[in-house]
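Letters A, B, ... mirror the listed sequences (proteins, then strands); counts begin at 1. The model shown is predicted, which means the values in this text are computed figures rather than measured ones. Just so you know, these numbers use all the heavy atoms, side chains as well, and skip hydrogens, waters and symmetry mates.
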2 protein chains.
Amino acid sequence: MPRKSAAVSKDRILAAAAKEFAARGYAGANVDRIARAAHLNKAMIYYHFASKAALYREILNDMFGAVHARVADVAASAASPPDKIRDYVAAIACEAEARPHFPPIWLREIAEGGAHIDAATVAHARAVVAALAAIVADGQRAGRFAPVNPLVLHGGIIAPLMFFFATARVRRRIDRDDTFGAAAMRVDAVVAHIQQLALVQLEGKVI
Amino acid sequence: MPRKSAAVSKDRILAAAAKEFAARGYAGANVDRIARAAHLNKAMIYYHFASKAALYREILNDMFGAVHARVADVAASAASPPDKIRDYVAAIACEAEARPHFPPIWLREIAEGGAHIDAATVAHARAVVAALAAIVADGQRAGRFAPVNPLVLHGGIIAPLMFFFATARVRRRIDRDDTFGAAAMRVDAVVAHIQQLALVQLEGKVI
DNA sequence: GTCTATAAATAGATAGAC
DNA sequence: GTCTATCTATTTATAGAC
């Protein structure tokens, strides 16, 4: 059982590191900068973590573990299949909004082909897809959902969600004068839109 | 007018660099590795380009310039608004398939908030959205499209497209035994799906 | 246009005091 | 648990010969 100050300093490192990895990527992240942001010395990072890679893996694992837990709850709930789909989308949006570093890191990991992802994190990611697949199978048994490919549906949910959260800065740059409606893209509206998009696919209106 | 060998060596650098930036990101990319992949010496890169950053900017600009040109043609064509939407999706998919480095680099740039994007590239990106907005406005005037936010629609097209191309390796890792239908995700099928998804939104079936 | 050699700066990791 | 100081390797960029 670590003393209080130990837990606090480790948490400060994790928070600062998540921010740094999100902003600059794994290779671009700088251990010294993480230390300074955490109001600690660089040596403290190597006291708490074996290496820069191990620190990064812990952040990835926490991130996907949290999403896994949330969507597993949704899949196991007593709600109707369409409501579960809405909850699934909302759960991921909620996690993404609570952790601003989450969408950029996810995007980068995809671009990198999952180079830094260990077996535990792969298991979490697989479980997130499995939760959606279970909801879909549920709805199909109840005769409420058309047959869809779970991974295609998953992409249709995750991709716009992650894009929405991660593109906030880019949108401001591309649509400075609001010609394209950037200002109207509020979180609730976009989440509702993606929920409907998912349900339209499950109602068989899209091949 | 450069001699033939000069153009070839510069092109070899651009091709090798695009691959390296896609695989490792801007910070993770290594100039020496790019030179070796191009069968040249590192000094040659600084003969053709002012810096690593300038090389990266040129790749970004070429990439977005090509997409800009393609979708501008689509928007200016004589096709019906729904066909233009299909062509728009197909054009971007075609560019992405022809340049495997394109989706990962785009994903990384988003994660980075467009840190390496210069004014010329921003103009290209804006034009890509403007082309879609023009097609939508066209269809609305013709009474065939419901009012939609161009940026929301754009996200619903670009995000799943980029995800699809960029997640190929991650999908193999998460769905090794094909439990979730990774094998069924062929390019044509996914593009057709995204085309329909876009049209469903424009037909007012989704808020 | 292409190369070798090297300068100069940066960054991951560790030793050891307190 | 926390710090300073430092080692070592890597990497961007350049000088200068051919």
*Asks:* Whether B:Arg108 and B:Glu112 form a salt bridge (side-chain N of Lys/Arg under 4.0 Å from carboxylate O of Asp/Glu) is what I want to check.
*Replies:* no
*Asks:* Check the distance between D:dT11's C1' and B:Leu55's CG and give it to me in whole angstrom.
*Replies:* 15 Å
*Asks:* Listed by chain and number, what are the side chain to side chain donor-acceptor pair (under 3.5 Å) partners of A:Arg169, not counting sequence neighbours?
*Replies:* none
*Asks:* Is A:Glu20 salt-bridged to A:Arg24, cutoff N-O under 4.0 Å?
*Replies:*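 Salt bridge present between A:Glu20 and A:Arg24.
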*Asks:* Is there a side-chain contact between A:Ser51 and the phosphate of C:dG12, meaning an N or O under 4.0 Å from OP1 or OP2?
*Replies:*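 Result: no.
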*Asks:* For the pair made of CE in B:Met44 and C1' in D:dC18, what is the distance, rounded to whole Å?
*Replies:*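 Going from B:Met44 (CE) to D:dC18 (C1'), I get 14 Å.
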*Asks:* Strictly distance-based, threshold 3.5 Å: is any side-chain N or O of B:Arg12 a donor or acceptor partner for the main-chain N or O of B:Ala38?
*Replies:*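 Yes, the answer is positive, given that a donor and an acceptor are paired below the 3.5 Å cut-off.
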*Asks:* Tell me the interatomic distance from B:Ile45, atom CD1, to D:dT11, atom C1', rounded to whole angstroms.
*Replies:* 12 Å
*Asks:* Just compare D:dT4, C:dA13, D:dT12 and give me whichever is closest to any side-chain atom of A:Lys42.
*Replies:*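 In terms of side-chain proximity for A:Lys42, the closest of D:dT4, C:dA13, D:dT12 is C:dA13.
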*Asks:* Determine, for A:Phe21 and A:Lys52, whether the Lys NZ or Arg CZ falls below 6.0 Å from the six-membered ring centre while staying within 45 degrees of the axis.
*Replies:* no
*Asks:* Can you tell me if A:Lys19 uses its side chain to pair, donor with acceptor, with the backbone of A:Pro100 under 3.5 Å?
*Replies:* no
*Asks:* Nearest to the side chain of B:Ala43 - D:dT2, C:dG12, C:dT4?
*Replies:*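 It is C:dT4.
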*Asks:* Quickly work out the A:Asn41 CG to C:dG12 C1' distance and round it to whole Å.
*Replies:* 13 Å
*Asks:* Rounded to whole Å, how long is the line connecting atom CZ of B:Arg12 with atom C1' of C:dT2?
*Replies:* 11 Å
*Asks:* Taking only the side-chain heavy atoms of B:Leu40 (C-beta and beyond), determine which of D:dT12, C:dC3, C:dT14 contains the nearest atom.
*Replies:* C:dC3
*Asks:* Between B:Tyr46 and D:dA13, is there a side-chain N or O to OP1/OP2 distance below 4.0 Å?
*Replies:*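 It does, given that an N or O in the side chain of B:Tyr46 lies less than 4.0 Å from OP1 or OP2 of D:dA13.
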*Asks:* Which whole-number value in Å describes the distance from B:Tyr56 OH to D:dT12 C1'?
*Replies:*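 So the two atoms are 17 Å apart, to the nearest Å.
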*Asks:* Counting only heavy atoms and a strict 4.0 angstrom limit, can you tell me which residues of residues 22-38 of chain A come near DNA chain C?
*Replies:* A:Ala29, A:Asn30, A:Val31
*Asks:* Return the value, rounded to whole Å, for the distance between atom NZ of A:Lys52 and atom C1' of D:dT10.
*Replies:*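 About 12 Å, once rounded to whole Å.
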*Asks:* Decide, yes or no, whether a salt bridge links B:Lys84 with B:Asp87 under the criterion of side-chain N to carboxylate O below 4.0 Å.
*Replies:* no
